[in-house]
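Working notes, beginning with the structure itself.
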Amino acid sequence: MNEATEQLVRHTLGLEKVHERLGARFREEDNWRVPTSYGDEKAEYATVREGGAGLIDLSSRGRLRVAGSEAIMFLNGLITNDMKTLAENRWMAAAFPNVQGRLIAAVRVVRLADESIKEKASPTFLIESEAATHESVLKTISRFTMAGDFRVTDLTSETMLLSVQGEGATEIARKVLGEAVAGIPRDGALAIDWQQSVVTVIRATHTGEDGFDLIVNTTEAVAIWDSLIEAGAQPVGDDALEFLRIEAGIARYGRDMDETNVVTETTLDDAVSFTKGCYIGQEIIARIKYRGHVSKKLSGLMFEQDEPIEVGATIKSAEGKDIGRVTSVARSPRLKRTIALGYVRYEYLAAGTSVNVTAGGREVVATVSQLPFVRGSWHEQ
């Protein structure tokens, strides 16, 4: 791809001017210009982790609407989880694998209220993906739109995704959107009337803390952002979110997982149904489960103190055998030490196993840790 073409695929957030007004610094992530910090990432982190409510612009993530009388059948043939079991106003994690069972994308699938077309029910879904995999998901699904009653609409440019994260998220969301949000379950979603539009509210976490994702029309985004700020939410950038998501053990595509990984090597265990029947890649994924296990697994690594660990660093056994590599690293503000995510061979996955990790030409000791590193308010519900 030449430089001129690359410029064409770069995107800016609809709220960029709002972020600039708040003093945000920016960087490019997955061809999007995103706010990294509003001046103090430590304070932004503390807002979310210590009882407050952070407001994060996640509009770079992809949003697809899939509808049609045959939507369930088509989706079930493409993804790892069972759409037949997903009730209206509920969501589930899922993955798109290729024919080798390797990961194309990790997604969240929300079943919206069914439409009724000519007195015939039309199941309707919202598929939300990371920015890095949006085009792959759209391409994968769109191949089948001519095969039956299965319609796909890309909502990414006409909607925005704002997330309120933290133990105080419920109170902030209630102030702005009404009492109904408090009753949304952890795997729930609800369409709520707000001013002159409808906001899709999804209860979900990106941080290990309680949270709500709000999908709003672009025309209403500034108003709802300002209302959430006025209610007490504090803006949070990508730097603080990175600390929070690693502490929460949440994998990110392109960093902790990609198309070289079998789906079950990642942390997506709850995204796979082993009873739903056939889908692309199902034979490989099922064979690994029923005939043995994956050879490696994404796990946590905890160090005794701050260490200069780099992404890609080799993980070795106590005997000096190469057993994995580091994929994400952070200095945990809560734990006051370095933590990391990385792939570890199956034989060394037991929590508490001592391993060595290369750092600046030397090896430092780490301990294999269960995820999440930090159990926030999401895990206390």
Would [X] end up clustered with [Y] when hydrophobic side chains under 4.5 Å apart are linked, directly or stepwise?
X	Y	value
Tyr279	Phe96	no
Met92	Val272	no
Leu298	Met257	yes
Ile250	Leu341	no
Val164	Ile215	no

Would you call [X] and [Y] a side-chain contact if the rule is heavy atoms closer than 4.5 Å?
X	Y	result
Pro35	Leu15	no
Leu161	Arg63	yes
Ile127	Ile141	yes
Phe74	Ile79	no
Thr367	Leu301	no
Arg25	Glu41	yes
Glu307	Arg362	yes
Tyr38	Val236	no

Rounded to the nearest 0.5 Å, what separates atom [atom1] in [X] from atom [atom2] in [Y]?
X	Y	atom1	atom2	answer
Leu55	Thr47	CG	OG1	11.0 Å
Thr260	Tyr343	OG1	OH	7.0 Å
Ile56	Thr207	CD1	OG1	6.5 Å
Leu155	Leu64	CG	CG	7.0 Å
Thr205	His379	OG1	NE2	6.5 Å
Asn356	Lys316	CG	NZ	8.5 Å

Salt-bridge test for [X] and [Y]: reply yes if a basic N is under 4.0 Å from a carboxylate O, no otherwise.
X	Y	value
Arg61	Asp213	no
Glu88	Arg111	no
Glu347	Arg345	yes
Glu230	Lys175	no
Asp270	Arg186	no
Arg108	Glu128	yes
Arg255	Glu29	yes

message: Below 30° counts as parallel, above 60° as perpendicular, anything between as tilted: where do the rings of Phe243 and Tyr45 land?
response: perpendicular
Looking only at heavy atoms, which two atoms of [X] and [Y] are closest? And how far apart?
X	Y	answer
Gly211	Ala169	CA-CB, 4.1 Å
Phe303	Val364	CE2-CG2, 3.7 Å
Trp194	Glu220	CZ3-OE1, 4.0 Å
Val329	Val311	CG2-N, 4.3 Å
Ser227	Val176	O-CG2, 3.6 Å
Val368	Ser299	CG1-CB, 4.5 Å

So, the side chain of [X] versus the backbone of [Y]: is there a donor-acceptor pair under 3.5 Å, distance only?
X	Y	value
Ser37	Asp239	no
Asn261	Asp258	yes
Asp30	Trp32	no
Ser142	Lys139	no
Gln370	Gly352	no
Asp149	Gly68	no
Tyr253	Glu259	yes
Arg375	Glu380	no

Let me check something: any side-chain donor-acceptor pairs from residues 281-290 under 3.5 Å, sequence neighbours excluded? List them with distances.
from: Glu283; atom 1: OE2; to: Arg287; atom 2: NH2; distance (Å): 2.9

Could you check whether [Y] and [X], counting side-chain N and O atoms only, form a donor-acceptor pair closer than 3.5 Å?
X	Y	value
Ser332	Glu247	yes
Glu209	Ser377	yes
Asp57	Ser59	yes
Ser328	Asp256	yes

(Q) The test is side chain to side chain contact (heavy atoms under 4.5 Å, CB included); show your working for Ser197 and Val216 and say whether it passes. (A) CA-CA 8 Å; Ser197 65; Val216 301; over 6 Å; no
Sequence neighbours excluded, the answer for side-chain hydrogen bond (donor to acceptor under 3.5 Å, both in side chains) partners of Asp82 is Asn76, Lys84
Across all chains, not counting sequence neighbours, the side-chain hydrogen bond (donor to acceptor under 3.5 Å, both in side chains) partners of Asp269 are Lys297
Notebook entry, point to check: Is it the case that more than 12 heavy atoms not belonging to Tyr346 sit under 6.0 Å from its OH atom?
Noted result: no
message: Quick check on Glu304: does its CD atom have over 12 non-hydrogen neighbours (other residues, nucleotides or ligands) under 6.0 Å away?
response: no
- Hey, mind stepping through Ile202 and Leu126 against side chain to side chain contact (heavy atoms under 4.5 Å, CB included) and telling me if it holds? CA-CA 11 Å; Ile202 305 162; Leu126 176 72; 4.3 Å; yes
Would you sort out whether Asp210 and Glu167 count as a side chain to side chain contact (heavy atoms under 4.5 Å, CB included), showing the intermediate values? CA-CA 6 Å; Asp210 195 13; Glu167 192 173 358; 5.9 Å; no
| Derivation of the side chain to side chain contact (heavy atoms under 4.5 Å, CB included) call for Val18 and Leu22 | CA-CA 6 Å; Val18 173; Leu22 293 168; 4.3 Å; yes
